[in-house]
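Start at 1 and go down the list; that is how both ligands and their atoms are numbered.
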Amino acid sequence: MKVTIKQWNAVAAWRWDMPEDDMCGICRNPYDSTCTACKFPGDECPLLMGECNHSFHMHCIVKWIRQESSQDKCPMCRQVFKAKDAVGHAG
Ligand SMILES: [Zn+2]
Ligand SMILES: [Zn+2]
Ligand SMILES: [Zn+2]
């Protein structure tokens, strides 16, 4: 199979201290891409938004919350993470 990349937006300046943008704060892959565990974007790897309005790949936040050290807190703002809604199919 031959994969043709039609659009390649190279990110020239990439810094660790970038404010949360349109990428997952855990794996730092873009929201429209997948988490590091998945290969194909789509319903298999949905986004999950917390009540703090931070969103992550569902797989990322689930993995994060399972770590004892996370204490169920959002890695971005340190509030207790509660899922608000699945992002995607709404309006
Ligand atoms: Zn992620
Ligand atoms: Zn995933
Ligand atoms: Zn948060």
Side-chain angles (χ1 to χ4, degrees):
M1 187 171 90
K2 203 175 161 190
V3 177
T4 311
I5 298 168
K6 290 190 178 133
Q7 238 186 352
W8 182 257
N9 300 316
V11 181
W14 194 88
R15 295 176 295 139
W16 280 102
D17 60 349
M18 260 169 77
E20 70 260 23
D21 207 11
D22 53 352
M23 64 178 174
C24 171
I26 296 174
C27 70
R28 293 180 186 274
N29 283 344
Y31 289 137
D32 58 4
S33 181
T34 63
C35 74
T36 49
C38 297
K39 285 197 175 73
F40 304 103
D43 292 344
E44 297 292 308
C45 192
L47 296 177
L48 205 64
M49 185 179 262
E51 286 182 351
C52 60
N53 288 324
H54 288 124
S55 35
F56 307 96
H57 298 113
M58 188 188 74
H59 297 149
C60 291
I61 193 66
V62 165
K63 214 191 289 176
W64 170 264
I65 294 294
R66 278 192 190 145
Q67 293 172 4
E68 254 177 69
S69 57
S70 75
Q71 298 180 308
D72 294 352
K73 287 176 184 160
C74 170
M76 304 301 283
C77 65
R78 305 276 157 190
Q79 295 179 58
V80 173
F81 188 88
K82 280 197 208 121
K84 203 188 204 175
D85 235 332
V87 183
H89 297 287

Inset, instruction - Measure from the Zn ion (ligand 3) to every N/O/S atom of His54 and report the name of the nearest one. - result: ND1

Inset, instruction - With the side chain counted from C-beta on, respond yes when Phe81 and Trp64 share a heavy-atom pair under 4.5 Å apart, and no when they do not. - result: no

Legend entry - SG (Cys52) - the Zn ion (ligand 3) - SG (Cys74) angle, nearest 10°: 110°

Legend entry - Heteroatoms of the protein, restricted to N/O/S, which lie under 2.8 Å from the Zn ion (ligand 2): Cys35 SG, Cys38 SG, Cys45 SG, His59 ND1

Legend entry - Residue pair Ile61 / Pro75: nearest heavy atoms and the distance that separates them: CD1-CD, 3.9 Å

Legend entry - Contact summary for Lys73 and Arg78, nearest pair of heavy atoms: CD-O, 3.5 Å

Legend entry - Atom of Pro30, atom of His57 and distance for their closest heavy-atom approach: O-NE2, 3.3 Å

Legend entry - Between CE on residue Met58 and SG on residue Cys24, distance to nearest 0.5 Å: 12.0 Å

Legend entry - Atom CD of Glu68 with >12 non-hydrogen neighbours under 6.0 angstrom: no

Legend entry - Cys27 backbone acceptor or donor facing Thr36 side chain under 3.5 Å: no

